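Only one structure is covered here, and it is reproduced in the block below.
Reminder, nothing fancy here: chain letters follow the sequence lines and each chain counts from 1. All values derive from a computational prediction rather than experimental measurement. As a basis for the values below, the full set of heavy atoms in this structure was taken, side chains included, without hydrogen atoms, waters or symmetry mates.
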Number of protein chains: 2
Amino acid sequence: MSKDIKNIFHKQGLKFTPQRRAVLKVLQDTQAYLSINRIHTKVKELLPGTGLATVYRSLETLVELELAVKVHLEDGCHSYTLAPEGHRHPIVCTDCSRVIEYTECPIQDISKKLSKKTGVLIKTHFLQLFGKCEECRN
Amino acid sequence: MSKDIKNIFHKQGLKFTPQRRAVLKVLQDTQAYLSINRIHTKVKELLPGTGLATVYRSLETLVELELAVKVHLEDGCHSYTLAPEGHRHPIVCTDCSRVIEYTECPIQDISKKLSKKTGVLIKTHFLQLFGKCEECRN
DNA sequence: TTTACAATTGAGAAAGTTTCTCAATTAGGG
DNA sequence: CCCTAATTGAGAAACTTTCTCAATTGTAAA
């Protein structure tokens, strides 16, 4: 399974470096949106000396490979999390910032209708749901 | 109608200053997402000398008053547009960046079901649709 | 209309985020 | 085990956003 991921890199002529591994591992170990700085801190625990620029570059690469997704939170800087399988949307807990679950996409059904109705050929969309998970409500 | 808006400010103990008027007018005159810098440029045409910090502060105020909405586009900096009436979501043209239309919210219907199913009490969501408008397709 | 005061502004400094540059290093195909 | 192109670290640079403070200005009340 790590081998599959390795191949995804190699097929694109990209190297599967320790730094990229570390960034990916951080995302895998935390099912939550993480800011660049938090990712950088955690990566340095696994691989001391890793530079911030490398974290930026690794995340960019992971998004290109569709292994991670970039999201926008209200608090300014961008955050990242593991890419879900298939077309789904994250439900994020506003307290602990974890991605509780990815839900089926309700937009695909209606986008064709909307295209007809509005004259806009709808191609993509961005959807995030926010709430409070069971743990955080107690 | 400008009087209504004036009252919205006054009810909150806020002043309806020329700078805030200018920012609002720029949003009204352009049915599109505008970056802070483009807003600043256009505001200075109406009111030379207006500072960038004031544009930031005015937009923050307009969002608080629900007269404008802040959105996140891929290209980094935040953008703003006029707030739609009621709970609706923007359909944005990826070519001309105009907000073509606001569509009915398809999430409200399903959020209760999702809350039950996932155990997360869903409170808010963020949805933007992207496509290519008729004009830009020709 | 005038006055008084709290809210707001402009300017620039400061803080924070992201990208760029380049010499040194390294992964991985051959 | 080499060779080479891809990648990295470090710091500079660019860019976005917030903060500070003295000066100004709306507006409620006189």
Open item on the list: Let's go through Glu101(B) and Arg88(B) carefully: what are the C-alpha distance in whole Å and the side-chain angles of both, what is the deciding distance for salt bridge (Lys or Arg N to Asp or Glu O under 4.0 Å) to 0.1 Å, and is it a yes or a no?
Closed with: CA-CA 9 Å; Glu101(B) 187 175 325; Arg88(B) 298 171 140 258; 5.4 Å; no
Open item on the list: Could you walk me through whether Leu34(B) and Val26(B) satisfy the side-chain contact (heavy atoms from CB on, under 4.5 Å) test, starting with their C-alpha distance in whole Å, then the side-chain angles of each, then the deciding distance to 0.1 Å, before giving a yes or no?
Closed with: CA-CA 9 Å; Leu34(B) 294 174; Val26(B) 166; 3.8 Å; yes
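The residue among Leu52(A) and Leu52(B) whose nearest nucleotide of DNA chain D lies closer to the 5′ end is Leu52(A). Comparing Thr50(B) and Thr17(A) along DNA chain C, the residue whose closest nucleotide (by nearest heavy atom) sits nearer the 5' end is Thr50(B). Heavy-atom distances to DNA chain C give each of Leu14(A) and Leu14(B) a nearest nucleotide, and the one nearer the 5′ end belongs to Leu14(B).
To the nearest angstrom, P of dT17(D) lies 11 Å from CD1 of Ile39(B). Residue Lys44(B) contributes atom NZ, which lies 16 Å from atom P of dT9(C) at whole-angstrom precision. Spacing between atom CD of Gln12(A) and atom C1' of dA5(D) amounts to 16 Å, rounded to whole angstrom units. Following rounding to the nearest Å, Lys11(A) (NZ) and dG28(C) (P) show an atom-to-atom distance of 15 Å. Computed from coordinates, the His78(A) NE2 to dT17(C) P distance equals 12 Å when rounded to whole Å. As a whole-Å value, the separation of Asn7(A) CG from dG29(C) P is 9 Å. dG28(C) atom P lies 14 Å from atom CD1 of Ile8(A), rounded to whole Å. Nucleotide dG16(C) holds its P atom 15 Å from the OH atom of Tyr56(B), rounded to whole Å.
The side chain of Arg20(A) places an N or O atom within less than 4.0 Å of a non-bridging phosphate oxygen (OP1 or OP2) of dT7(D). The side chain of Gln19(A) contributes no N or O atom lying less than 4.0 Å from OP1 or OP2 of dT26(C). Look at His10(A) and you won't find any side-chain N or O under 4.0 angstrom from OP1 or OP2 of dA27(C).
Within 6.0 Å of CD in Gln108(A) there are more than 12 heavy atoms belonging to other residues, nucleotides or ligands. More than 12 heavy atoms of other residues, nucleotides or ligands lie within 6.0 Å of CD in Glu64(A), so this atom counts as buried by the packing criterion.
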Are there any protein N/O atoms within less than 3.5 Å of an N/O atom in nucleotides 23-25 of chain D, and if so, which ones and at what distance?
| unit_1 | atom_1 | unit_2 | atom_2 | d |
| --- | --- | --- | --- | --- |
| dT25(D) | O2 | Lys15(B) | NZ | 2.9 |

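At least one donor-acceptor pair under 3.5 Å links the side chain of Thr118(B) to the backbone N or O of Val120(B).
Taking only side-chain atoms of Ile36(B), from C-beta outward, the nucleotide of dG28(C), dG10(C), dT17(D) with the closest atom is dT17(D).
The minimum heavy-atom distance between Phe16(A) and Lys6(A), with the atom names listed, is CD2-CG, 3.6 Å.
For Phe126(A) and Phe126(B), the distance between ring centers is under 6.0 angstrom.
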